[in-house]
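Data first, discussion second: the structure below is written as structure tokens.
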Amino acid sequence: MARRWAAAKAADRAARAALAKAGQTGSPQALAEARRALAPGEPPATLALYHQLEALAARLWDRARMQLSVARYGASNWERGANLDRAMADLTDRAFLLPRLAQAERSRDEATRVALLQALADRADVRHHALYDDLGMPGAQPHLVRGAGELADPQGRRSAILGVADHLPADGWPLAALTYAETLYENPLRLAYRLPRGRAWCLRFTWAGEDYWRAMAIEANGHQILPPQQRPANPAFVEVPIPRAYRARPAFAGVRRPGRRRRQRTRAAGGRDLAGADIRPVALRRALAGAIMA
């Protein structure tokens, strides 16, 4: 798994690096290089190991009726231990990127194609000085307030919790939208920023995850900037301005769920998710004249 994960990350980096250079190389070359980087394929050593897993699963079925696959051995669902069905799940953003590459390729002029490809290359919006968190991905969420942590808070009452949604990259979800952060017991999910002065800021996040959700609200320094609302789709992409008056102090607090639902999960805001489901990447971007730089 570690080898497949490293290879998938390398493929994604190579594809996005090619797209980022579209302005220098031209869109045809950038598209060709990105598609080549994302071409499916597994090294022989990985395939050999998978065949060993298949053989082991077959022996366990024959001798102990262990159901490690829905299709092969009649398991009720992959979530109930049928892990053979997802042993070779694609770990790249291939299914997310390829349709968007084709869409960009159909644009009428080169300038539009280049702009679309460069936007796909820069998910974190570094070009526009965004403050970005890939919530749920360890090491990529610098603004998430983790709380007490697992050792001091094993029940997760005072901590942010990381997880992965019940979807796959093959479903067209980027990995950044599959991982999430959440909180429990009606606690808000918090992110803390120090925003440079003299700029206008907005919060952009993906509200996605499981197919159940609860209404969500977002606060900035104790002031509500997004009233309670239901998730309109899964995933949903939300953008809300942060009024200057609410940015006097450095802290920024995320989502709250309205009402008294003691047994419901509280998902944090500021990431790609929410909706009683999961949290996803959060991006704060500079705005000019009320319009987001894109």
Side-chain angles (χ1 to χ4, degrees), residues 119 122-137 139-147 158-162 174 176-177 179-183 186-209 213-259 265-294:
D122 186 18
R123 181 176 183 84
D125 204 15
V126 174
R127 298 166 299 159
H128 300 129
H129 310 286
L131 305 178
Y132 177 84
D133 291 84
D134 182 354
L135 295 178
M137 183 63 69
Q141 43 194 5
H143 303 98
L144 177 65
V145 179
R146 293 297 304 272
R158 296 173 286 115
S159 307
I161 302 169
L162 310 183
T179 58
Y180 64 86
E182 67 174 342
T183 51
E186 298 305 318
N187 295 312
L189 185 73
R190 299 181 183 275
L191 295 100
Y193 303 88
R194 289 187 177 275
L195 302 181
R197 299 191 178 189
R199 300 176 180 175
W201 292 87
C202 73
L203 172 70
R204 304 179 71 224
F205 64 92
T206 304
W207 186 355
W213 69 91
R214 296 292 184 269
M216 181 184 76
I218 298 179
E219 297 178 357
N221 283 336
H223 301 276
Q224 190 174 94
I225 60 174
L226 185 71
Q229 59 182 256
Q230 299 290 331
R231 185 178 67 190
N234 189 23
F237 305 96
V238 183
E239 183 172 301
V240 55
I242 302 174
R244 186 178 302 275
Y246 301 164
R247 292 186 272 118
R249 292 180 287 113
F252 176 81
V255 175
R256 285 183 178 275
R257 297 189 186 288
R265 291 183 174 181
T266 299
R267 310 284 180 180
R272 298 238 166 205
D273 135 47
L274 263 35
D278 327 317
I279 286 192
R280 313 304 174 194
V282 162
L284 286 177
R285 301 174 63 185
R286 185 170 55 183
L288 293 180
I292 303 304
M293 293 177 61

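Along the sequence shown, residues are numbered consecutively beginning with 1.
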Looking at side-chain heavy atoms only, is the closest gap between Arg127 and Asp125 below 4.5 Å?
yes
Heavy-atom side-chain contact between Ile225 and Pro241 under 4.5 Å
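No. Closest side-chain heavy atoms not under 4.5 Å.
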Could you report the tightest heavy-atom contact between [X] and [Y], atom names first, then the distance?
X	Y	value
Cys202	Glu239	SG-CG, 3.9 Å
Ala130	Ala124	CB-O, 3.4 Å
Ala176	Tyr132	CB-OH, 3.9 Å
Arg123	Ala177	NH2-N, 4.3 Å

Under the side-chain contact (heavy atoms from CB on, under 4.5 Å) test, residues paired with Leu162 that sit two or more places apart:
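Once residues adjacent in sequence are excluded, the partners of Leu162 under the side-chain contact (heavy atoms from CB on, under 4.5 Å) criterion are Pro138, Gln141, Leu144, Arg146, Ala181.
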So how far is it from Arg194 CZ to Leu131 CG, rounded to the nearest 0.5 Å?
12.5 Å
I'd like to know if the side chain of Thr183 and the backbone of Ser159 have a donor-acceptor N/O pair within less than 3.5 Å.
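Checked: no pair found.
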Phe205/Val238 under side chain to side chain contact (heavy atoms under 4.5 Å, CB included): CA gap, chis, key distance, verdict:
CA-CA 5 Å; Phe205 64 92; Val238 183; 3.6 Å; yes
